[in-house]
Amino acid sequence: MKDIVQLNDLHKKYGNFTAVDGLSLQVKEGDVYGFLGPNGAGKSTTIRMMLSLIAPTSGEVRIFDKSLVTSREEIMRNVGCIIEKPDFYLYMSAVKNLQLFARMNGVNPSSKEVNELFDLVGLAGRQNDLVRTYSHGMKQRLGIAQTLIHSPKLIVLDEPTTGLDPKGIIDLRNLILRLKNEFGKTIILSSHILSEIELIADSMVIINKGKAVAQGRVSELLSNQDLIVTFELNDTVAAERIIQETVWHGKLRVSGSGELKLQISKEEISEVVKLFVQHGILVNSATYKRTLEDYFLKLTANN
Amino acid sequence: MIKGFAILLSGLCFGQLIMAQTPRQLIAQVNQKFAKVNDYSADLEMKFDIPAVKIENISGKVFYKRPDKFRIRTKGIIFLPKQNPYYSMQSIADTNSFMAVATGTEVVSGVTATVVNVIPNNNNGDLILGKFWIDAVQKVILKSQLTTKSSGTIGIENTYGSKLPYALPDNIVFTIDVAKFKIPKALAVDINSKTKAADTGSAKGVGVISLRFGNYAINTKLKDTVFTEP
Amino acid sequence: MLNLISIELYKIFSKPRSYIGFGAITAIVVLIEFALWLDGKSYLSFILQSLEQSFQVEGNILNGNLVCFIILQTLIVQMPLLVALITGDLVSGEAATGTIRLVLTKPFSRAQLLWAKYAAGCTYTFMLLLWLGVLALCGGLLIFGAGDMIVLKSDGLTIIRGDDTLWRYLGAFSIAFLSLVVVATFSMMLSCFTDNSIGPIISSMAVIILFTIIGTLDVPFFDKLKPFLFTTHMIVWRNMFDNPLDTSQIVQSLIILSGHIVVFFSVAYYHFTRKDILN
């Protein structure tokens, strides 16, 4: 698969503050690419540089193997995006908004195509309502429809789940997967929630303070060997003492307040539970959910 | 020699004849001449020179019918003296209504004119004092200066041509005192005008209106509707 | 480019706010015409009272031409506000609602977008002025009839013959349009610098009011400034009703107004094509 997006040594400075610091990455065609980082890490700045909303201080953005500086219009004809919030002209109906953005992209979709899009994003029957009457979730769906109206090859979604309810998040996740699998789109998805990326992304980059701290295939970066498992215990002091005497002593991450965290594989969870029980420690639960904080914790420990 | 003497004698006799006329008789003769005109219409060209007013010349048509019907018809806005052009004639129409005093002769446009002051017998009318320069030979008013209650002093100067037998002038020039003219700035709204506040409005001055008549049609029995129809 | 301009026009005319200008003009013009129809003769008598002491002014004085002139004079203060209400919102309005982020990712350059917005803003200004012209001149002629026009100036009257007014009105409206384009360009320039809609509108009006006040104050220091203020030249449309026409003053003002347009647009262009979209 060829690279659809290439960022080469991208920098962005605001005075003395460096928002993006020598970031380089490649996005393969057909991938869902996760763009992960805590708030203020430089995700939005990078995405905006990719979309020519912000000019890089130095470095290069290449999309479809063309420079964004010299071939911006040609590139943008094949890019659809939502940046942060899906904002529309509130005084127009949803369908008018969609038609207007289609015209901006140089296309003039038929009403059948427009209706199909509204079906796809789950807004059928509401297309003639004024956007000001839409909820945030509906606007987000309309935003997706807007990114698809001109059939772009690359879709960039900046924090698309912000403000969505759990059902909305699931719907959006399914839609993204559908776009990838059925329509063959390449999708860049930014988020500060690791589990969100883990569920749908093929590749990802994790950035912090404007730098890439990790990047590669999700399956490689988030292997089952490296889960941070949280044990809810009645005596964490005793549990910690027991762990220190085992092979897992180097895997202890946090302990206290009724919780103990170990970086272990999925298969090892039952063995640890068994060990605690043998020593008379009551295990209330053993859960794992990948969080960015955990991941950073792991990276720090590994380094 | 005899011929020259005869001319001198006849000239003296004619002069004596004129001098023998009382001012009232002279005015009566002027009235009598103008009385030949019952009505007339004529083409008219008007020129204006009024302080603080820029207005182009305009042409139109003028109508008159004895005793006092008068109308100027133009397609645009015109400034007229408050009195009609025959105000001077009207003011001396009744020879019993005023006292006339001859004050000598003056040359007006190359013609020797008898100067007659007219003072109304009662002060109910608009005229306070009239001064007339009358061509005693042609029995026409060459010039008049009327002091009125309503409009101050008005000067009227007549020049005659082919219609002299009817005492109808080719040109009339009115000279009128004009009060200081000023538009409130709020109404004019040329707020950034270069004219400074102190300069706004013209100084008090004299306005001149010139009427040039042509193509007279005299005594054609003009209908009264000419003076009323829009 | 035409596609972009039509999109921008569509946006402008989809906003209820855009009709405030047309509504305000309609209301003001109808009100003035009604008032003049009711009591215009007294109004004129008041203005002409000093002349009427000496002269009898004859003819259809209160006619459509004069009514249109009075309306134009009255609206000179309001028109920039109505224009700025839309043009001050052209860029900042999109920034405020967030749509600028989407719009600027579309396949056209920022320069093209700015030109399109500018063209749409100028078109709106033109339509507003056209509407004023139709209501004031055509409405005036219809209600009050045609005739010679008395031009009211603080230093006197000029009477323009009726058949000499139309080309003067065309000239006056063209100059007024250029003046309003200056306002449009100025407010659009401010609009490029902020992310809220109201700021550029209020700022434009504040600048116009300030310059107008400076223009009316007879302070020697301000006299030096006046030739450089665009508001000084915005009323040059009145000079079209001078007789004889002082073309040098008109041309000079047109050059200065055009200069303002070039400067304001260049600043807007420079900033907008380079600015980072951070909101």
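The chains referred to below are lettered A, B, ... by the order of the sequence lines, with proteins before strands, and numbering in each begins at 1.
Contact annotation for C:Asp163: neither backbone nor side-chain heavy atoms come within less than 4.5 Å of a heavy atom of chain B. Contacts of B:Ile78 with chain C are made by both backbone and side-chain atoms, with heavy-atom separations under 4.5 Å.
For C:Phe34, the CZ atom is loosely surrounded, since the number of other residues' heavy atoms within 6.0 Å does not exceed 12. Within 6.0 Å of NZ on B:Lys223 lie no more than 12 heavy atoms contributed by other residues, nucleotides or ligands. Residue B:Arg66 qualifies as enclosed at atom CZ: its count of foreign heavy atoms under 6.0 Å is above 12. Within a 6.0 Å radius of CZ in C:Phe126, no more than 12 heavy atoms belonging to other residues, nucleotides or ligands are found.
Side-chain contact between C:Ile159 and B:Lys54 is absent, with no heavy atoms from C-beta onward closer than 4.5 Å. Between C:Phe55 and B:Val53, the closest side-chain pair of non-hydrogen atoms is not below 4.5 Å. No side-chain heavy atom of B:Glu56 sits less than 4.5 Å from a side-chain heavy atom of C:Ile160.
The two residues C:Arg161 and B:Ile55 make their nearest non-hydrogen contact at NH2-CG1, 3.3 Å. Contact detail for C:Asp148 and B:Lys75: the closest heavy-atom pair is OD1-O, 4.4 Å.
For the atom pair CG of C:Leu66 and CD1 of B:Ile77, the computed distance is 7.5 Å after rounding to the nearest 0.5 Å. The CZ atom of B:Arg71 sits 8.0 Å away from the CD atom of C:Glu58 when rounded to the nearest 0.5 Å.
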